Amino acid sequence: MSDGNRPTVMVTGGAGYIGSHAVLALADAGWRVVVVDNLVTGFRWAVDPRASFVEGAIEDAALIGRVIAEHDVGAILHFAGSVVVPESVVDPLKYYRNNTVATRSLLESAVIGGVRHFIFSSTAATYGIPETVPIREDAPKAPINPYGASKLMTEWMLADVAAAHPINYGALRYFNVAGADPAGRSGQSTAGATHLIKVAAEAVTGVRDHVAIFGNDYNTLDGTGVRDYIHVSDLADAHVHALEALIANPGDNLTLNCGYGRGYSVIEVLDAVDRVTNRPIERRLLPRRAGDPDALVADNSAILARLPWRPKRADLDLIVTDALRWQQHLVERDAQA
Ligand code: UFG
């Protein structure tokens with residue numbers, strides 16, 4: 001291990017949306033980072049130049065073994081995977097391959113290579129339709145799509161592997177991740193956006209001409225779906241704190257919701273977008289989208305108790321402002337190309 005008790009950190013999916021922000025947070029905090037990404041949905045330019053970069057697949061055991069040995073990797077932050085819920089319904093085997101089977105291989109490489117700490121991108125989709133909101137970590141896990149199931153199966157693997165081998169893990173269950181690096185170094189860049197704030201940002205910049213509201217007959221205050229939106233930079237910081245906690249307490253694992261514990265409806269989000277730009281975007285009411293729960297809001301008391309993490313950007317207007325700034329950057333960049 002390098003730098004005393006500070007291992008080199010391997011970040012899989014470090015060229016993707018959340019992974020690239022985690023690389024920024026790690027590098028800003030002085031960690032040595034090596035990114036492994038196959039660049040299927042990520043971008044080479046999104047990888048911070050302070051990190052080493054290896055193009056390749058996490059299930060390529062020979063490659064991962066080499067990277068662990070050559071970079072003296074002591075911890076893995078694992079973001080690589082497939083993330084589109086509706087796609088998981090029509091192509092479940094892709095999700096079990098990319099999220100579950102590939103992670104099994106990565107975990108085996110980690111155990112063989114003597115990696116001591118592993119942080120996994122889990123999801124609120126592991127809960128399915130919650131019985132009570134806000135949702136605690138010990139709520140029933142009943143995913144309603146292959147995406148959530150593929151992630152939950154990985155959580156089970158992690159628990160079994162950590163019980164059998166000298167490795168501990170963090171399973172961070174993300175709620176709705178949005179926004180972009182406040183310094184403008186990264187943001188959500190993958191085409192074919194389906195996430196509400198990204199879609200709204202595209203409408204603001206003329207990439208699309210309206211935003212659909214998928215149903216207004218939900219059991220919520222205004223009838224539209226309620227979600228707990230977390231700023232991607234706060235989420236990235238949570239990973240750095242989780243890593244520090246795993247290193248400090250090698251006998252402990254962490255399974256933590258990552259959210260602010262405050263929900264906003266679709267209408268409240270779109271109102272925030274209009275407020276920030278002072279120019280309303282067109283809204284069109286459409287039928288419900290399949291598989292959308294009424295409300296998903298984190299009980300975040302566990303992460304606040306277990307980690308010194310404190311949200312810095314828990315403000316919907318701020319999240320929207322950062323998302324819009326990044327979207328503007330993408331549009332200007334594409335116009336120059
Ligand atoms: N919505 C719209 N119009 C859109 C897009 C979304 O009305 O154009 C609504 C949805 O119906 C939902 C809310 O906005 O009520 C949020 O939808 P997103 O698609 O932005 O996000 P989801 O809540 O469906 O899913 C996200 C991630 C999943 C993760 C889940 C857990 O995509 O990976 O959060 O909370 F599992």
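Remember, it's a predicted structure, so these values are computed and weren't measured experimentally. Order of listing sets the numbers, starting from 1, for every ligand and every atom in it.
- For atom 21 (O) of ligand 1, the closest heavy atom belonging to the protein is N176 ND2, 3.0 Å.
- Interface atoms of ligand 1 facing T194, defined by a heavy-atom separation under 4.0 Å, are 5 (C), 19 (O).
- Put simply, no part of Y127 is less than 4.0 Å from ligand 1, judged by heavy atoms.
- Among protein heavy atoms, the minimum distance from atom 9 (C) of ligand 1 is reached at V266 CG2, 3.6 Å.
- Of the candidates F214, Y229, Y174, Y218, F214 brings a heavy atom nearest to atom 7 (O) of ligand 1.
- Neither the backbone nor the side chain of V177 comes within contact range of ligand 1; no heavy atom lies under 4.0 Å.
- Ligand 1 places these atoms under 4.0 Å from at least one heavy atom of G225: 15 (O).
- Not less than 6.0 angstrom separates the ring centroid of H21 from the ring centroid of F79.
- Shown here for A203 and V211, the closest heavy-atom pair between the two residues is CB-CG2, 3.7 Å.
- Using a 4.0 Å cut-off between heavy atoms, L196 contacts ligand 1 through both its backbone and its side chain.
- A salt bridge links R283 to D271: one of the charged nitrogens lies within less than 4.0 Å of a carboxylate oxygen.
- Side-chain contact between L196 and Y229 is present, with at least one heavy-atom pair separated by less than 4.5 Å.
- Closest of all the heavy-atom pairs between I68 and S109 is CD1-O, 3.6 Å.
- For the 3.5 Å distance criterion, the side chains of Y260 and D234 qualify, holding a donor opposite an acceptor.
- Here L235 contributes atom CG and N176 contributes atom CG; the two are 11.5 Å apart, rounded to the nearest 0.5 Å.
- Evaluated by nearest non-hydrogen atom to atom 32 (O) of ligand 1, the leading choice among H210, K198, H195, R283 is H195.
- The main-chain N or O of N99 is never found under 3.5 Å from a side-chain atom of K151 such that the two would form a donor-acceptor pair.
- Given atom 12 (C) of ligand 1, the protein heavy atom at minimum distance is R227 NH2, 3.8 Å.
- Closest to atom 17 (O) of ligand 1 among all protein heavy atoms lies R289 NH2, 3.4 Å.
- Considering backbone and side-chain N/O of A212, one or more are found under 3.5 Å from N/O of ligand 1.
- In summary, the side chains of E155 and Y169 do not present any donor paired with an acceptor at a separation below 3.5 Å, with no hydrogens or angles considered.
- Below 4.0 Å from some heavy atom of I213 lie the following atoms of ligand 1, by number and element: 7 (O).
- For atom 10 (C) of ligand 1, the closest heavy atom belonging to the protein is D292 OD2, 3.5 Å.
- Scanning the protein heavy atoms around atom 28 (C) of ligand 1, the nearest turns out to be V85 CG2, 4.0 Å.
- Taken from CG in L172 to CD1 in I119, the straight-line distance is 6.0 Å, to the nearest 0.5 Å.
- The closest protein non-hydrogen atom to atom 29 (C) of ligand 1 is T123 OG1, 3.5 Å.
- Of the protein's non-hydrogen atoms, the one nearest atom 31 (C) of ligand 1 is A124 CB, 3.6 Å.
- Checking side-chain atoms of D48 against main-chain N and O of L24 turns up no donor-acceptor pair under 3.5 Å.
- Residue contact annotation: Y147 has a non-hydrogen atom under 4.0 Å from ligand 1.
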